[in-house]
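Since the model is a prediction, treat every value here as computed from it, not as a measurement. Residue numbers start from 1 in every chain, and the chains themselves are labelled A, B, ... in the order their sequence lines are given, proteins ahead of strands.
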There are 2 protein chains.
Amino acid sequence: MIEDDIFRALADPTRRAIFEKLAGGRMNASALRQGMAISQPAMSQHLAVLRGAGLVREARQGRFVNYDVDPEGVALIAQWLAKYRAYWPARIDALKAVLKEMDQ
Amino acid sequence: MIEDDIFRALADPTRRAIFEKLAGGRMNASALRQGMAISQPAMSQHLAVLRGAGLVREARQGRFVNYDVDPEGVALIAQWLAKYRAYWPARIDALKAVLKEMDQ
DNA sequence: GCATCACATAAGCGTCTGCTTATTTGTTGC
DNA sequence: GCAACAAATAAGCAGACGCTTATGTGATGC
């Protein structure tokens with residue numbers, strides 16, 4: 001199950017922080033480490049997990065490797081969540097507003 | 001972090017299966033076990049994890065305990081996912097259709 | 001070539017998970 | 001009370017996780 005990899009990857013707070021950082025724009029592994037109190041191998045391992053889950057893509061550029069959010073992975077979460085739409089409470093209005101915003 | 005508990009809970013395939021089953025309607029622990037090749041204590045432990053994550057609620061009824069999906073937990077996932085709306089690809093249209101459906 | 005840098009991989013280790021079996025708690029009906 | 005049932009908890013254990021240090025791989029620039 002792909003969802004296994006996705007949720008497992010997101011279960012770790014450090015990996016969610018990395019993912020969130022990447023959501024702000026593409027970045028290489030060294031830049032990601034800035035202000036994160038994490039060793040180089042640990043970062044590399046986390047990125048491998050995120051990549052394996054399809055949440056992040058990599059693109060080698062010289063001796064750097066740039067990472068960015070993979071929309072495919074995000075879409076899979078959205079798809080999974082959509083199955084439980086019946087349980088989204090009133091707060092759903094905020095999400096609707098967001099979608100409306102996207103239309104403009 | 002609450003999100004820790006949520007994603008950790010969903011990282012296990014058995015727990016996702018339980019959650020999915022509950023999404024079909026409230027059920028007690030014994031009913032949930034039907035056709036699931038899982039021991040009674042294992043089910044109890046999984047339900048405790050799901051409950052701790054706010055994904056599931058319990059309501060004792062006699063000597064049974066009924067469980068059902070907790071909308072609060074689902075809403076938290078939706079909120080988390082909303083942060084990455086910029087990365088939802090075209091497939092977002094399906095979700096939009098669902099929301100439109102909800103308006104009727 | 002070779003020193004340097006960016007990153008990945010290997011190996012090892014303490015901790016956490018998810019399962020099991022055994023037992024306990026709480027409820028029902030006689 | 002007490003037998004039967006639903007569910008939770010306890011204890012133990014194999015396997016997975018996330019980290020570390022050490023080493024390997026690939027690219028840059030002199």
Side-chain angles (χ1 to χ4, degrees), chain A residues 1-22 24-70 73, chain B residues 1-22 24-70 73:
Chain A
M1 259 305 177
I2 276 280
E3 284 149 4
D4 256 61
D5 300 318
I6 291 181
F7 287 118
R8 183 178 303 282
L10 294 174
D12 184 77
T14 305
R15 274 194 297 266
R16 281 204 312 281
I18 294 170
F19 183 75
E20 197 141 349
K21 222 164 174 180
L22 281 176
R26 75 166 58 234
M27 224 180 290
N28 61 56
S30 298
L32 278 168
R33 280 183 64 203
Q34 302 283 28
M36 275 205 77
I38 190 178
S39 73
Q40 181 268 315
M43 174 59 78
S44 183
Q45 285 159 15
H46 280 310
L47 287 169
V49 173
L50 286 168
R51 192 180 182 287
L55 287 167
V56 143
R57 294 175 301 191
E58 66 173 45
R60 178 138 230 157
Q61 191 165 23
R63 54 182 160 182
F64 295 85
V65 177
N66 283 323
Y67 287 89
D68 71 330
V69 169
D70 189 340
Chain B
M1 257 312 179
I2 292 270
E3 284 148 5
D4 257 61
D5 300 318
I6 292 181
F7 287 120
R8 173 116 27 92
L10 294 174
D12 184 79
T14 305
R15 274 195 296 267
R16 280 203 313 282
I18 294 170
F19 183 75
E20 197 141 349
K21 221 165 176 182
L22 281 176
R26 77 166 56 235
M27 225 180 287
N28 61 56
S30 298
L32 277 168
R33 282 184 62 206
Q34 302 284 27
M36 277 205 75
I38 189 177
S39 73
Q40 180 268 316
M43 174 59 78
S44 183
Q45 287 159 15
H46 280 310
L47 286 169
V49 172
L50 286 168
R51 192 181 181 286
L55 287 166
V56 144
R57 294 175 301 192
E58 65 173 46
R60 177 138 230 156
Q61 193 165 20
R63 55 182 159 182
F64 296 85
V65 178
N66 282 323
Y67 287 89
D68 71 330
V69 169
D70 188 340

Legend entry - Any donor-acceptor N/O pair, B/R15 side chain to B/A9 backbone, under 3.5 Å: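 Pair found, side chain donor or acceptor close to backbone of B/A9.
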
Inset, instruction - Give B/R33 one of three labels, base, sugar-phosphate or nothing, depending on what nucleic acid heavy atoms sit under 4.0 Å from its own. - result: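 Counting heavy atoms under 4.0 Å across all strands, no contact is made by B/R33.
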
Inset, instruction - Mind checking B/R15 for me? I need base, sugar-phosphate or nothing, with any heavy atom below 4.0 Å counting as a touch. - result: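 Since only primed, P, OP1 and OP2 atoms lie under 4.0 Å of B/R15, the category is sugar-phosphate.
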
Within the pair [X] and [N], is there a side-chain N or O less than 4.0 Å away from OP1 or OP2?
| X | N | answer |
| --- | --- | --- |
| A/H46 | D/dC19 | yes |
| A/N28 | C/dC7 | yes |
| B/T14 | C/dC19 | yes |
| A/S44 | C/dC7 | no |
| A/Y67 | C/dA6 | no |

Legend entry - Polar pair under 3.5 Å, donor/acceptor by atom type, side chain B/Q61, base C/dT27: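 In this structure, the two groups form no donor-acceptor pair.
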
Inset, instruction - Assess whether one donor atom and one acceptor atom, taken from the side chain of A/Q40 and the base of C/dA8, lie less than 3.5 Å apart. - result: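 Such a pair is found, so the answer is yes.
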
Legend entry - Terminal helix-axis angle for the helix from C/dG1-D/dC30 to C/dC30-D/dG1, with five pairs defining each axis and rounding to 10 degrees: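 The value is 20°.
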
Inset, instruction - With DNA chain D as reference, determine whether B/A42 or B/R63 sits nearer its 5' end, using the nearest nucleotide of each. - result: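 Here B/R63 is the residue nearer the 5' end.
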
Legend entry - Along DNA chain D (nearest heavy atom to each residue), the more 5'-positioned of A/R8 and B/A48: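 Counting from the 5' end, the first nearest nucleotide belongs to B/A48.
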
Inset, instruction - For A/L47 and D/dG18, give me the distance from atom CG to atom P, rounded to whole Å. - result: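 It is 13 Å, rounded to the nearest whole Å.
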
